[in-house]
Amino acid sequence: MAPPAASGTFARAWAAYLRQLAARPLRTKMATSAALFAVGDCVAQFGIEGRRPIRFARMAFYGGTVFAPLAHTWLGLVDRVRLASPAKTLAARVALDQAAWGPFIVFVFWTTNGFLEGKTPSEVRRKVEHAFLPSWSKAVCVFAPTQIINFTWVPLQHRLLFVQSVGLGWNIYLSYVNNINNRRLAAAAAEVAAADVGFNAGAGADNITAREARQRLEAAERRKREIKDEEGGGATGVGTRMGCARRADTAITPRVRATSGERQDEWVRASREHSPDTIRHLDL
């Protein structure tokens with residue numbers, strides 16, 4: 001149970017939020033959306049992709065000035081859908097949301113952020129072509145069930161906050177999973193190096209060990225790519241990278257030294273530290 005003081009503070013903050021929401025609904029949603037986009041991007045940067053402060057500002061700007069007004073308008077429009085029964089109404093709203101809003105907002109996200117990054121129209125077009133389908137497909141998996149709950153039980157004025165909160169939770173979950181996988185990447189990379197050192201020194205039996213170690217490393221790299229793709233869950237919510245995060249073009253390899261002894265020393269230090277600065281993780 002929360003302490004009374006903490007409960008009272010939260011209650012007062014929530015009451016103040018509700019007053020602002022009633023008096024200035026769009027402005028309040030814009031401020032809330034900017035904050036949640038910024039927090040979601042921080043989660044992704046610290047837990048998934050590495051720190052890029054300028055993107056934090058872009059995401060806050062996008063969430064507050066682009067996403068929030070569009071989402072506010074859309075949720076108001078879809079609430080007007082009324083069919084013969086509550087079940088049919090719900091089915092129609094969810095179908096419209098995923099078939100019309102989902103593709104639209106994925107396109108808007110990649111286009112807007114592409115231009116904010118200073119990309120040319122042709123670069124933005126290529127980015128949209130590359131990212132659109134993975135982003136939308138991941139968003140459907142996460143936000144179709146979310147919208148069923150949203151349209152059934154959540155009051156209209158709170159629906160944007162609810163869907164963005166789910167997106168934030170999705171990013172936190174992905175960051176947790178990714179941090180676990182980072183440890184596996186570090187251990188697998190150290191195993192590959194140790195096996196290579198043994199093989200290069202003339203221990204032919206270590207060839208099997210090297211092969212097995214590389215398989216473990218490749219499995220960890222695949223999982224890393226899958227985690228980055230799953231960021232697509234945020235396409236209609238807090239969304240940071242929304243699938244198709246930047247791919248690394250190189251594998252995790254040590255700096256090649258002149259002798260196997262020097263390589264071994266380098267990887268012994270790396271395996272002890274398990275640091276992203278020592279063992280170059282994918283795109284981190």
Side-chain angles (χ1 to χ4, degrees), residues 26 29-30 32-34 36-37 39-41 43-44 48 58-59 61-83 87-116 124-174 226-245:
L26 179 56
K29 290 177 183 179
M30 289 173 67
T32 305
S33 181
L36 287 174
F37 264 87
V39 171
D41 190 61
V43 170
I48 297 178
R58 285 199 302 265
M59 293 303 300
F61 175 82
Y62 169 82
T65 63
V66 179
F67 179 82
L70 291 174
H72 170 78
T73 302
W74 169 255
L75 290 171
L77 288 173
V78 79
D79 189 64
R80 298 179 185 177
V81 175
R82 298 283 192 278
L83 298 182
K88 291 181 179 179
T89 299
L90 176 62
R93 289 177 178 178
V94 174
L96 279 172
D97 187 80
Q98 298 305 306
W101 170 256
F104 168 74
I105 202 62
V106 168
F107 174 81
V108 169
F109 175 88
W110 285 112
T111 302
T112 303
N113 280 278
F115 285 119
L116 288 176
V124 171
R125 178 179 59 79
R126 287 195 298 271
K127 189 172 185 178
V128 171
E129 290 174 351
H130 185 51
F132 180 85
L133 188 58
S135 300
W136 180 46
S137 62
K138 296 296 182 182
V140 169
C141 294
V142 175
F143 287 95
T146 297
Q147 293 294 54
I148 291 174
I149 298 172
N150 207 14
F151 293 141
T152 303
W153 291 293
V154 180
L156 175 61
Q157 68 269 26
H158 298 310
R159 287 176 184 169
L160 178 57
L161 177 62
F162 177 75
V163 77
Q164 288 191 290
S165 299
V166 171
L168 177 59
W170 180 246
N171 285 327
I172 292 173
Y173 166 74
L174 288 176
E226 289 169 2
I227 290 169
K228 287 190 171 185
D229 285 343
E230 285 168 1
E231 290 183 88
T236 56
V238 162
T240 54
R241 297 290 284 173
M242 300 200 314
C244 197

Original post:
Between atom CH2 of Trp136 and atom CD1 of Ile105, what is the distance when rounded to the nearest 0.5 Å?
Top reply: 14.5 Å
Original post:
Are Leu161 and Ser165 close enough that some pair of their side-chain heavy atoms sits under 4.5 Å apart?
Top reply: yes
**OP:** Verify, without hydrogens or angle tests, whether Ser33 (side chain) and Gly63 (backbone) share a donor-acceptor contact under 3.5 angstrom.
**Re:** yes
Subject >> Close side-chain approach of Phe67 and Leu160, heavy atoms under 4.5 Å >> reply: yes
Subject >> Side-chain donor or acceptor of Ser137 paired with backbone N/O of Pro134 under 3.5 Å >> reply: yes
Original post:
Within the distance-only criterion (no hydrogens, no angle test), does the side chain of Thr89 pair as donor or acceptor with the backbone N or O of Leu83 below 3.5 angstrom?
Top reply: yes
Original post:
Would one find more than 12 heavy atoms of other residues, nucleotides or ligands at under 6.0 Å from atom CZ of Arg80?
Top reply: no
Subject >> Aromatic plane relationship, Trp101 with Trp74 - under 30° parallel, 30 to 60° tilted, over 60° perpendicular >> reply: parallel
Subject >> Derivation of the salt bridge (Lys or Arg N to Asp or Glu O under 4.0 Å) call for Asp79 and Arg93 >> reply: CA-CA 8 Å; Asp79 189 64; Arg93 289 177 178 178; 3.7 Å; yes
Original post:
Could you state the interatomic distance from CG (Asn113) to CG (Leu116), rounded to the nearest 0.5 Å?
Top reply: 5.5 Å
Subject >> Trp110 side-chain N/O to Glu129 backbone N/O, donor-acceptor pair under 3.5 Å >> reply: no
**OP:** Step by step, work out the side chain to side chain contact (heavy atoms under 4.5 Å, CB included) result for Val66 and Phe109.
**Re:** CA-CA 9 Å; Val66 179; Phe109 175 88; over 6 Å; no
Subject >> Derivation of the ring pair (Phe, Tyr, Trp, His ring centres under 6.0 Å) call for Phe107 and Phe132 >> reply: CA-CA 7 Å; Phe107 174 81; Phe132 180 85; 7.6 Å; no
